[in-house]
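Order of appearance sets the numbers: ligands from 1, and atoms from 1 within every ligand.
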Amino acid sequence: MSRAFLVVMDSVGIGGAPDADRFFNATVPDTGANTLLHIAQACAAGQAEEGRSGPLHLPTLDALGLGRAVQLASGKAPPNLTATPTGRWAAATEVSHGKDTPSGHWELAGLPVPWDWTYLPDTVPSFPDDITQRICELAGTDGILGNCHSNGVRVIETFGAEHLRTGQPICYTSADSVLQIAAHEEAFGLERLLKLCQDLAPMCHERCIGRVIARPFVGQDGSFERTTNRRDYAIAPPEPVLTNWVQDAGQAVIGIGKIGDIFSIAGIDTVHKGSDAQLMGHLAHQIDTAPDGALIFANFVEFDSKYGHRRDVSGYARALEWFDAELSKLLRRLKPDDLLLITADHGNDPTWTGTDHTRERVPVLMAGAGTGEIGHVGFVDVAASVAKHLGVAARGSGRSFL
Ligand SMILES: O=P(O)(O)O[C@H]1O[C@H](CO)[C@@H](O)[C@H]1O
Ligand SMILES: [Mn+2]
Ligand SMILES: [Mn+2]
């Protein structure tokens, strides 16, 4: 028996999606978006110098095949990622009609999303009246603030003071199929915000709005800050996925980060949460202690939430370099039969226009699976491969590349 560590670097895309022209940031198509390539190019050009400097330094990921995966996905060579890999790598293409986190994760777990998500219009108000009324009922307020498309930092800067004055929750959406509610952890109350989002979720899910997301924040006007107590209330996958396959076989399934939320806890025994730095500690602990046959499924969200959406190239490069250094320590702790598979769920090119995700292929980088290029695969093939490694029967259309 052996263990599988499936690690999603949220939004670390590698370009080349064949359907990128059908996805947009505002009115600009995602054609040519390439998160990793463009960060590497900005670093090489000396344009990503805040808190770091010089060419992008990712020796561990590159040794697993990252530079080659970018070339395979997009036909472009990323500067300074030129290693001859000792790991095994592929480039994965998504088919679901969404470039969001649940679509990417469900498909990686073997289930392409079988419906079209509902997106809320970029108008003010953005929400249908009955949803707004339901939020008011649940929150016990006369109204809501926002009711628009926004990014989450701007929305609390704009409405935070009014929120403190009126007690009304700040409600907003984005190009994703989400309804997000921001509220002050102390003034409004964290538990109250979580309950509001949880109780609102069924109404949204019925309409194929994928997630209601609680976005708690703290601080004063001018210095509001979001906390790590974010919670996503997502539609449950409509069919069993990798986590269920493994759990049904009697093997342990451990989630790290927002994996529990993304799968609405389906097939997951326990979840460990926190900042990405804390998640790295949880992952290291699982490498040391997880039982034979376990699936450890981790999501590192800060590439996306802190840097991709904020179009912060230096910050994204710093996060990648931090992750790479930590990864080198993890690799030394793996046991001989372990599989570590690193991938991503979509792109979020910080050099691109807008503030939304970008449609891209993603890397598949493996330690414990030999050496060499696999070629192009589908997201669903990741689930089939992890299942095969764990000796569990895969369902659905994926084919193992191991
Ligand atoms: O701008 P913030 O609040 O970070 O929102 C981002 O996070 C949401 C969920 O991942 C996305 O839909 C995007 O809008
Ligand atoms: Mn994501
Ligand atoms: Mn995101």
How are the rings of Phe263 and Phe297 set to each other: parallel, tilted or perpendicular (split at 30° and 60°)?
-> tilted

Do NZ/NE/NH1/NH2 and the carboxylate oxygens of Glu137 and Arg134 come within less than 4.0 Å?
-> yes

Does the pair Asp312/Lys306 count as a salt bridge with the N-to-O cut at 4.0 Å?
-> no

What's the shortest distance from atom 13 (C) of ligand 1 to any protein heavy atom, and which residue and atom give it?
-> His309 CE1, 3.5 Å

What is the closest protein heavy atom to atom 11 (C) of ligand 1, and at what distance does it sit?
-> Asp176 OD2, 3.3 Å

Is the closest basic N to carboxylate O distance between Arg52 and Glu321 below 4.0 Å?
-> yes

Proximal ligand 1 atoms for Arg211, defined as those under 4.0 Å from one of its heavy atoms = 9 (C), 10 (O)

Residue, atom and distance of the protein heavy atom nearest atom 4 (O) of ligand 1 read Arg226 NH2, 2.9 Å

Counting heavy atoms not belonging to Glu162, are there more than 12 under 6.0 Å from its CD?
-> yes

Note the single closest protein heavy atom to atom 7 (O) of ligand 1, along with its residue, its atom name and the distance in Å.
-> Arg215 NH2, 2.9 Å

Should Asp232 and Arg230 count as an ion pair when the cut-off is N to O under 4.0 Å?
-> yes

Output, in order, the C-alpha distance, side-chain angles, deciding distance and verdict of side chain to side chain contact (heavy atoms under 4.5 Å, CB included) for Ile235 and Ile209.
-> CA-CA 8 Å; Ile235 299 184; Ile209 298 169; over 6 Å; no

To the nearest 0.1 Å, how far is atom 10 (O) of ligand 1 from its closest protein heavy atom, and which atom is that?
-> Arg230 NH2, 3.3 Å

Can you list the ligand 1 atoms lying under 4.0 Å from a non-hydrogen atom of Arg310?
-> 1 (O), 2 (P), 4 (O)

Arg154: heavy atom below 4.0 Å from ligand 1, yes or no?
-> no

Any atoms of ligand 1 less than 4.0 Å from a non-hydrogen atom of Asn151? List them with their elements.
-> 1 (O)

Can Lys306 be said to touch ligand 1, with heavy atoms closer than 4.0 Å?
-> no

Ligand-residue contact atoms, ligand 1 with Tyr172, heavy atoms, under 4.0 Å | 3 (O)

For the Mn ion (ligand 2): the N/O/S atom of Asp345 at shortest distance | OD2

Contact atoms of ligand 1, heavy-atom distance to Ile213 under 4.0 Å = 9 (C)

With a 3.5 Å cut-off and no angle check, do the side chains of Asn34 and Ser74 form a donor-acceptor pair?
-> yes

Between His357 and Asp345, is any side-chain donor less than 3.5 angstrom from a side-chain acceptor?
-> no

Taking 2.8 Å as the cut-off, does an N/O/S atom of Ser11 lie below it from the Mn ion (ligand 2)?
-> no

Looking at Phe401, is Arg399 sitting on its ring face, NZ or CZ under 6.0 Å from the six-membered ring centre and within 45 degrees of the normal?
-> no

Applying a 4.0 Å heavy-atom criterion (strictly less than), which segment of His357 is in contact with ligand 1: side chain, backbone, both, or neither?
-> neither

Counting heavy atoms under 4.0 Å, the part of Val178 that contacts ligand 1 is side chain

SB check Arg359 Glu94 (cutoff 4.0 Å) = yes

When distances are taken from atom 5 (O) of ligand 1, the protein heavy atom at minimum range is Gln180 NE2, 3.1 Å

Any N, O or S atom of Asp304 closer than 2.8 Å to the Mn ion (ligand 3) = yes

Considering residues, nucleotides and ligands other than His205, do more than 12 of their heavy atoms fall under 6.0 Å from its NE2?
-> yes

Is Asp324 paired with Lys329 through a side-chain N to carboxylate O contact shorter than 4.0 Å?
-> no

Going by the 4.0 angstrom heavy-atom rule, the piece of His149 near ligand 1 is neither

Which is closest to atom 14 (O) of ligand 1 by heavy-atom distance: Pro102, Ser305, Ser174?
-> Ser174

Is the distance from the Mn ion (ligand 3) to the nearest N/O/S atom of His309 under 2.8 Å?
-> yes

Has His346 got an N/O/S atom less than 2.8 Å from the Mn ion (ligand 2)?
-> yes

Given the rule in the side chain to side chain contact (heavy atoms under 4.5 Å, CB included) test, do Ser174 and Asp356 qualify, once you have shown the distances and angles that lead to the verdict?
-> CA-CA 8 Å; Ser174 72; Asp356 293 315; 4.0 Å; yes

Specify side chain, backbone, both or neither for Asp232, according to which of its non-hydrogen atoms lie closer than 4.0 Å to ligand 1.
-> neither

Is the Mn ion (ligand 2) less than 2.8 Å from at least one N/O/S atom of Asp10?
-> yes

Nearest to atom 1 (O) of ligand 1, what protein heavy atom do you find, and at what distance?
-> Gly152 N, 2.7 Å

Any side-chain donor near an acceptor of the partner, Trp352 and Thr35, under 3.5 Å = no

